[in-house]
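Below is one structure, written out as C-alpha coordinates, with a few remarks after it.
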Amino acid sequence: EMDLTHDDPFSTALQRLQQLQGDFAEAIQRSELDTWTFSKEVDNPELQGLARIRGHLDFMAQQLAALGEIEEAHKAEKNVVLEKMEHARVELFTAIDSAMPNISHETAIVQAALEFVELPGDRERLRS
(Lines give C-alpha, C1' and ligand atoms only; values in the text may rest on other atoms or scores of the structure.)
Protein backbone atom coordinates (compact mmCIF):
# COMPACT_ATOMS: atom_id res chain seq x y z
CA GLU A 1 0.00 0.00 0.00
CA MET A 2 1.51 3.28 -1.10
CA ASP A 3 1.64 5.90 1.61
CA LEU A 4 0.45 9.27 0.32
CA THR A 5 1.83 11.61 2.93
CA HIS A 6 1.49 15.35 2.59
CA ASP A 7 5.07 15.89 1.41
CA ASP A 8 4.52 13.42 -1.43
CA PRO A 9 4.47 15.33 -4.75
CA PHE A 10 1.51 13.25 -5.97
CA SER A 11 -0.63 14.11 -2.97
CA THR A 12 0.42 17.77 -3.20
CA ALA A 13 -0.55 17.86 -6.89
CA LEU A 14 -3.79 16.02 -6.21
CA GLN A 15 -4.68 18.47 -3.42
CA ARG A 16 -4.02 21.39 -5.78
CA LEU A 17 -6.10 19.76 -8.51
CA GLN A 18 -8.99 19.18 -6.09
CA GLN A 19 -8.76 22.81 -5.00
CA LEU A 20 -8.90 23.90 -8.66
CA GLN A 21 -11.88 21.58 -9.27
CA GLY A 22 -13.74 23.30 -6.45
CA ASP A 23 -12.76 26.76 -7.69
CA PHE A 24 -13.96 25.92 -11.19
CA ALA A 25 -17.24 24.51 -9.88
CA GLU A 26 -17.85 27.86 -8.18
CA ALA A 27 -16.74 29.83 -11.25
CA ILE A 28 -19.14 27.80 -13.41
CA GLN A 29 -22.01 28.52 -11.00
CA ARG A 30 -21.22 32.26 -11.11
CA SER A 31 -21.00 32.16 -14.89
CA GLU A 32 -24.30 30.26 -15.17
CA LEU A 33 -25.97 32.80 -12.90
CA ASP A 34 -24.59 35.67 -15.00
CA THR A 35 -25.85 33.99 -18.15
CA TRP A 36 -29.36 33.46 -16.77
CA THR A 37 -29.52 36.90 -15.16
CA PHE A 38 -27.96 39.24 -17.72
CA SER A 39 -27.59 37.47 -21.01
CA LYS A 40 -30.25 37.05 -23.66
CA GLU A 41 -27.97 34.54 -25.35
CA VAL A 42 -28.04 30.93 -24.24
CA ASP A 43 -24.61 30.50 -25.78
CA ASN A 44 -21.95 31.70 -23.31
CA PRO A 45 -18.41 31.08 -24.61
CA GLU A 46 -16.87 31.79 -21.18
CA LEU A 47 -19.14 29.25 -19.52
CA GLN A 48 -18.36 26.68 -22.23
CA GLY A 49 -14.63 27.28 -21.77
CA LEU A 50 -14.86 26.94 -17.99
CA ALA A 51 -16.85 23.72 -18.31
CA ARG A 52 -14.34 22.23 -20.77
CA ILE A 53 -11.44 23.09 -18.48
CA ARG A 54 -13.31 21.60 -15.52
CA GLY A 55 -13.84 18.36 -17.44
CA HIS A 56 -10.12 18.12 -18.20
CA LEU A 57 -9.26 18.91 -14.57
CA ASP A 58 -11.51 16.04 -13.50
CA PHE A 59 -9.84 13.65 -15.93
CA MET A 60 -6.36 14.67 -14.81
CA ALA A 61 -7.34 14.22 -11.15
CA GLN A 62 -8.59 10.69 -11.95
CA GLN A 63 -5.27 9.84 -13.60
CA LEU A 64 -3.28 11.27 -10.70
CA ALA A 65 -5.36 9.36 -8.17
CA ALA A 66 -4.89 6.15 -10.18
CA LEU A 67 -1.16 6.77 -10.29
CA GLY A 68 -1.02 7.16 -6.52
CA GLU A 69 -2.71 3.78 -6.04
CA ILE A 70 -0.27 1.77 -8.15
CA GLU A 71 2.43 0.12 -6.12
CA GLU A 72 6.05 0.51 -7.12
CA ALA A 73 6.24 -3.13 -8.23
CA HIS A 74 3.93 -2.43 -11.15
CA LYS A 75 6.26 -0.31 -13.28
CA ALA A 76 4.60 -1.15 -16.61
CA GLU A 77 1.18 -0.22 -15.28
CA LYS A 78 2.65 2.97 -13.84
CA ASN A 79 4.11 3.93 -17.22
CA VAL A 80 0.74 3.48 -18.92
CA VAL A 81 -0.93 5.73 -16.36
CA LEU A 82 1.92 8.25 -16.64
CA GLU A 83 1.31 8.42 -20.39
CA LYS A 84 -2.41 8.97 -19.80
CA MET A 85 -1.53 11.56 -17.19
CA GLU A 86 0.69 13.49 -19.62
CA HIS A 87 -2.03 13.25 -22.28
CA ALA A 88 -4.54 14.62 -19.75
CA ARG A 89 -2.15 17.45 -18.85
CA VAL A 90 -1.65 18.44 -22.51
CA GLU A 91 -5.41 18.27 -23.16
CA LEU A 92 -6.03 20.46 -20.10
CA PHE A 93 -3.41 22.97 -21.24
CA THR A 94 -4.96 23.05 -24.72
CA ALA A 95 -8.47 23.53 -23.30
CA ILE A 96 -7.26 26.43 -21.15
CA ASP A 97 -5.38 28.00 -24.05
CA SER A 98 -8.36 27.82 -26.40
CA ALA A 99 -10.77 29.11 -23.72
CA MET A 100 -8.56 32.09 -22.80
CA PRO A 101 -9.95 34.53 -25.44
CA ASN A 102 -13.50 33.96 -24.11
CA ILE A 103 -12.67 34.41 -20.44
CA SER A 104 -13.59 37.88 -19.23
CA HIS A 105 -14.74 37.44 -15.62
CA GLU A 106 -13.01 34.33 -14.32
CA THR A 107 -9.51 35.28 -15.45
CA ALA A 108 -7.81 34.64 -12.08
CA ILE A 109 -9.07 31.07 -11.76
CA VAL A 110 -8.17 30.23 -15.35
CA GLN A 111 -4.71 31.73 -14.85
CA ALA A 112 -4.26 29.62 -11.69
CA ALA A 113 -5.14 26.46 -13.62
CA LEU A 114 -2.74 27.47 -16.39
CA GLU A 115 0.10 28.01 -13.92
CA PHE A 116 -0.61 24.62 -12.35
CA VAL A 117 -0.57 22.68 -15.60
CA GLU A 118 1.83 24.48 -17.94
CA LEU A 119 5.33 23.13 -18.52
CA PRO A 120 8.16 24.70 -20.54
CA GLY A 121 7.64 24.12 -24.26
CA ASP A 122 3.84 23.76 -24.11
CA ARG A 123 3.11 27.02 -25.97
CA GLU A 124 5.71 26.30 -28.63
CA ARG A 125 4.31 22.79 -29.15
CA LEU A 126 0.78 24.17 -29.45
CA ARG A 127 1.77 26.81 -32.00
CA SER A 128 3.85 24.45 -34.18
Side-chain angles (χ1 to χ4, degrees):
E1 193 61 38
M2 192 171 167
D3 180 35
L4 284 183
T5 53
H6 290 294
D7 53 0
D8 172 7
F10 282 124
S11 91
T12 305
L14 193 54
Q15 281 174 341
R16 184 69 187 115
L17 261 174
Q18 288 164 342
Q19 190 180 5
L20 285 167
Q21 285 174 298
D23 290 346
F24 269 85
E26 289 170 16
I28 287 167
Q29 285 178 333
R30 285 191 296 269
S31 192
E32 283 173 342
L33 194 61
D34 284 351
T35 304
W36 297 331
T37 310
F38 306 114
S39 176
K40 312 242 176 305
E41 300 168 47
V42 179
D43 196 27
N44 179 339
E46 179 166 16
L47 181 56
Q48 291 170 346
L50 291 170
R52 270 190 59 217
I53 293 168
R54 171 68 207 261
H56 288 290
L57 277 169
D58 291 348
F59 183 68
M60 193 168 167
Q62 286 170 358
Q63 299 309 316
L64 197 56
L67 201 56
E69 288 165 15
I70 298 170
E71 291 180 31
E72 280 304 315
H74 303 97
K75 279 279 190 269
E77 194 182 343
K78 200 158 214 159
N79 288 339
V80 169
V81 179
L82 275 168
E83 271 177 39
K84 283 186 185 172
M85 177 80 202
E86 175 57 11
H87 179 70
R89 190 194 67 75
V90 171
E91 291 283 304
L92 174 56
F93 174 78
T94 306
I96 294 169
D97 187 77
S98 64
M100 276 295 204
N102 299 318
I103 305 297
S104 50
H105 299 93
E106 301 292 345
T107 48
I109 178 83
V110 174
Q111 190 60 44
L114 183 65
E115 285 166 14
F116 172 76
V117 78
E118 186 176 3
L119 289 178
D122 279 346
R123 287 170 199 269
E124 295 74 11
R125 202 167 27 252
L126 200 62
R127 307 282 176 256
S128 61

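Computed from a predicted structure; not experimentally measured.
For residues 97-112, every residue pair satisfying the salt bridge (Lys or Arg N to Asp or Glu O under 4.0 Å) rule, not counting sequence neighbours, is listed here: Arg30-Glu106, Asp97-Arg127.
The shortest side-chain heavy-atom distance between Asn102 and Asn44 does not fall under the 4.5 Å cut-off.
Scanning both residues, Val81 and Ala66, for their nearest heavy atoms gives CG1-CB, 4.3 Å. Nearest approach of Ala88 to Gln63, heavy atoms of both residues: CB-CG, 4.3 Å. Scanning both residues, Ala99 and Gly49, for their nearest heavy atoms gives CB-CA, 3.7 Å.
Follow the hydrophobic side-chain contacts under 4.5 Å out from Leu64 and you never reach Phe59; the two are in separate clusters. Criterion: ILVMFWY side-chain heavy atoms under 4.5 Å apart, direct or through other members. Under it, Ile53 and Met100 are part of a common hydrophobic cluster.
Every residue meeting the side chain to side chain contact (heavy atoms under 4.5 Å, CB included) condition with Thr94, not counting sequence neighbours, appears here in chain and number order: Val90, Leu126. Every residue two or more places apart in sequence or in another chain that forms a side-chain hydrogen bond (donor to acceptor under 3.5 Å, both in side chains) with Ser104 is listed here: Glu46.
No donor-acceptor distance shorter than 3.5 angstrom exists from the side chain of Ser31 to the backbone of Ala27, with no hydrogens or angles considered.
A distance of 11.0 Å separates CD in Gln111 from CD1 in Ile109, rounded to the nearest 0.5 Å. The structure places NZ of Lys78 at 14.5 Å from CD of Glu83, a figure rounded to the nearest 0.5 Å. Put simply, CG on Leu47 and CZ on Arg52 are 13.0 Å apart, with the number rounded to the nearest 0.5 Å. In this structure, CG in Leu92 is found 5.0 Å from CG in Leu57, a value given to the nearest 0.5 Å. Rounding to the nearest 0.5 Å places NE2 of His87 at 14.5 Å from CG of Leu82.
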So Ile28 and Glu32, side chain to side chain contact (heavy atoms under 4.5 Å, CB included) or not? Walk me through it.
CA-CA 6 Å; Ile28 287 167; Glu32 283 173 342; 3.8 Å; yes
Can you give the donor-acceptor pairs under 3.5 Å from side chains of residues 18-26 to other protein atoms, not counting sequence neighbours?
from, atom 1, to, atom 2, distance (Å)
Gln19, OE1, Arg16, NH1, 3.1
Gln21, NE2, Asp58, OD1, 2.6

Can you give the donor-acceptor pairs under 3.5 Å from side chains of residues 114-122 to other protein atoms, not counting sequence neighbours?
from, atom 1, to, atom 2, distance (Å)
Glu118, OE1, Arg123, NH2, 3.0
Glu118, OE2, Arg123, NE, 2.7
Asp122, OD1, Arg89, NH2, 3.1
Asp122, OD1, Arg125, NH2, 2.5
Asp122, OD2, Arg89, NH1, 2.7
Asp122, OD2, Leu119, N, 2.8

